[in-house]
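Read the structure below first, then the notes.
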Amino acid sequence: MSWKLFLYDWGGLNIALFQAINTGTPATLEPLAWFFGLVGSYWTAPLMLLGLWWWSKSATNLARGTAVRHRLIGFSVAFLLALLVATILKLWFDFPRPPAVLGDLVRVIGNKELHYSLPSGHATYAALVVGALWPLMGRRGRIGLVLYATLVGWSRIAAGMHFPADVLAGWALGWSCTALAGWLLPLAVPVRQSARRTSAWVWFTVAASAVMTDQLTKFAIIRTFAYGEQVEITPFFNLVHVLNPGAAFSFLANAGGWQRYFFITLGLIVSAWLGRMLCQQRPRLEAMGYSLILGGALGNVADRVLRGQVVDFLDFHWRLAHWPAFNLADVAISAGAVCLLLTVVIKRGVTADGELSA
């Protein structure tokens, strides 16, 4: 790929810079590389959110508290955008990491990884932190933020995890998502005001959580299991890695390929209708059902868009009889359907009691 040679390999400079930093880092700085690899990780996001929340609550100046709260919301949106885009890019390009390219010439600090080098998730997260805190800081604070992002990027190269191009791509992605979140938030004000009136934000959060959980588990299966591999967990349950071009529980899996676009279109139409339903005041059990179905539908739509097929990994069986493999999105859809069914049963029971008492 000529574009890769120009934009990523830099005519060989990308590897040369990596080797200069990786092999040129003295052993005494390895703990520093480990530390900034830790504080630059996505897993510290809850601490970042908690810190911003505490800052907004403890601020004595009302305007200051409001500003911090806005940065908290912006960071949350940017984080979700960056996580989604980074996952797509890693799966799409699947660039090899330094140990896969250079072998034993790489000094690795921590676990050796071979796949999904672009972009650096740590550099992306560091840029998100910088973007969130930048408007709140003075000159010295901003210098500290730049130093933090630089050291996180350096730590990934020194640890043998990423090439310099991966780090630059991560910084660009983090800053871009921060800017995009800042542009989107004012547009979401009418939706947020409607959500406050109807409590819809709670149910959209449930749906978003279902989507994120579904996609993260599928990503873990893809990273951990070879296609077709299965691992026995109990005498009646296996973890597997299979691809399903059909709907839930392999419905229409053997169609001629048209079902991908049909189910994408159907999923988006149903999701739009479910979102409209959630913007209206609903009983809690009914709203929970709609939100779970919405999250499950979007989880499987994301698979069809990104991979062309749905990743299934839950395999229940009894002796030689196997139930079609499914995933957490299917579980969410089924649980949502049960909630809606219970809503109907409860309403009929209440109506029947009212008629008897009359």
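The shown structure was predicted, so the numbers you read here are calculated from the model rather than taken from an experiment.
The aromatic rings of F93 and F95 sit tilted, their planes meeting at an angle between 30° and 60°. Ring orientation note: the planes of Y42 and F79 are nearly perpendicular, at an angle over 60° on the 30°/60° scale.
Nearest heavy-atom pair across P164 and N14 is CD-OD1, 3.2 Å. Scanning all heavy atoms of the two residues, the minimum distance from R71 to G131 falls at NH2-O, 2.8 Å. Considering all non-hydrogen atoms of both residues, V68 and L52 come closest at CG1-O, 3.3 Å. For the residue pair N244 and R304, the shortest heavy atom distance occurs at O-NH1, 4.5 Å. In terms of heavy atoms, R97 sits closest to S117 at CG-CB, 3.7 Å. Considering all non-hydrogen atoms of both residues, A149 and V130 come closest at CB-CG2, 3.9 Å.
Judged by distance alone, with hydrogens and angles left aside, the side-chain atoms of N22 form a donor-acceptor pair with the main-chain N or O of R107 at under 3.5 Å. Of the possible polar contacts, none joining the T213 side chain to the A210 backbone as a donor-acceptor pair under 3.5 Å is found.
Atom CD of E229 is separated from atom CG of L239 by 10.0 Å, given to the nearest 0.5 angstrom.
Here the side chains of F313 and V242 are not in contact, with every heavy-atom distance at 4.5 Å or above.
The side-chain contact (heavy atoms from CB on, under 4.5 Å) test with L294 singles out one residue from V211, I333, V270, L278, and that residue is L278.
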